[in-house]
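Take a look at the structure below.
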Amino acid sequence: MNRYLYLLLLFVSIESVAQIGINTSDVMGVFHLDGKKDNTVGAITPAQESNDIFVDNEGNMGVGTLTPTARLHLKSDELYGAFKLSDGTQGLQRVLLGDADGNAYWGLIKGQGGSIVKMESKPINFRYNVTGVMPLNVTDNMIKIPNEGSFAFMLRWVPRLMKDGITSWDDPTMLYSRSVIIQYNLMLRRAGQLDTVLYSIESRPFMQILNYQSLFEIFVAQNLKKDDSIYLTVKLASTGDIDTNVFLYVNPNDVSSVESQMATESGALIFYKL
């Protein structure tokens, strides 16, 4: 008799834990968690339901809903309140994409608005015949490509042509414009490979000492892979005369120059998926 009573109690015990409730005695599914412990027995309001996590007998999970209709069903009445993925690929105007194995990540699609990477707010000084990296407000001055494809990159920056020892507008060397040569290289860094040049431009703007000038360039990079890194190098290759003491300069920390601060704020690299 005791053996049968023991088996009966065992079956009852197993049945009692077949449904799990946390913070609620009114368990409505296989698993039911009442986040705020505010549910009322028999009549749960939408506000009470909004903080519940629920699993039904089909294995569907609901967050904010007690009637999930998919393996994972998220419900929120707040804008941007239902879902957030922060894995390093997120960014302004990115869309959720997936690979062949169903892994999700943020990326860009063809025809979508571009992503803007501002220039880093620090002094820029490109000396004559010295290659430097364009300072961008991203890790290591490199743009990580969110998904495979071809991309267009548009650079706008406003450097100032400077010359060692020039401090006054009275210097006669400042009274004429000169054609300078600026060499740009769009560079690729890919795991397991040496850095390579994707696109080169030799620009010949007319510039005047101490003057700021807006410069625009467009680069195209084809067949990029997800997680490739892109950066931009700049070299002042010719100063328009034999003077080698000329350099390109932007200094956002020059509080006496509003133009210098504006030049830095307006500088950016915009990229689109083609």
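Computed from heavy atoms alone, side chains included, the values below leave out hydrogens, waters and symmetry copies. Bear in mind that the values here come from a model prediction, so they are computed numbers and not experimental data.
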- Message: If I take atom OH from residue Y105 and atom CG from residue N103, how far apart are they, to the nearest 0.5 angstrom?
- Response: 9.5 Å

All N/O donor-acceptor pairs, side-chain side in residues 60-73, below 3.5 Å, sequence neighbours left out:
| unit_1 | atom_1 | unit_2 | atom_2 | d |
| --- | --- | --- | --- | --- |
| N60 | OD1 | R71 | NH1 | 2.5 |
| T65 | OG1 | T67 | N | 3.1 |
| T65 | OG1 | T67 | OG1 | 3.3 |
| T69 | OG1 | H73 | ND1 | 3.4 |
| R71 | NH1 | E58 | O | 3.1 |
| H73 | ND1 | T69 | N | 3.1 |

- ring-ring contact (aromatic ring centres under 6.0 Å, His included): pairs with one or both residues in residues 22-63, sequence neighbours excluded: H32-F54

- Query: Between atom OG of S76 and atom CZ of F83, what is the distance when rounded to the nearest 0.5 Å?
  - Reply: 13.5 Å

- Query: What do you reckon, are the aromatic ring centroids of F271 and F153 less than 6.0 Å apart?
  - Reply: yes

- Among all residues two or more places apart in sequence or in another chain, which pass the side chain to side chain donor-acceptor pair (under 3.5 Å) test with N51? D38

- Flag the pair W157 / Y249 as yes when their ring centroid distance falls below 6.0 Å, and as no otherwise. no

- Task: Go through the structure and list residues passing side chain to side chain donor-acceptor pair (under 3.5 Å) with E217, not counting sequence neighbours.
- Result: S203

- Shared hydrophobic cluster for M134 and V130 (ILVMFWY, side-chain gaps under 4.5 Å): no

- Counting distance only, does the side-chain N/O of Q213 pair as donor-acceptor with the main-chain N or O of F206 below 3.5 Å? yes

- Query: Take atom CZ in R156; do more than 12 heavy atoms of anything else shown fall under 6.0 Å from it?
  - Reply: yes

- Please list all pairs passing the side chain to side chain donor-acceptor pair (under 3.5 Å) test where one or both residues lie in residues 222-231, with sequence neighbours left out. R190-D228, D195-Y231

- Note on the structure: Distance col, row D99:CG vs E148:CD, nearest 0.5 angstrom, shows 9.5 Å

- Query: D87: what forms a salt bridge (Lys or Arg N to Asp or Glu O under 4.0 Å) with it, not counting sequence neighbours?
  - Reply: none

- Message: How about CD on E78, more than 12 heavy atoms from neighbouring residues, nucleotides or ligands closer than 6.0 Å, or not?
- Response: no

- Message: Quick test of your reading of the model: are D52 and K37 salt-bridged, counting only N-O distances below 4.0 Å?
- Response: no

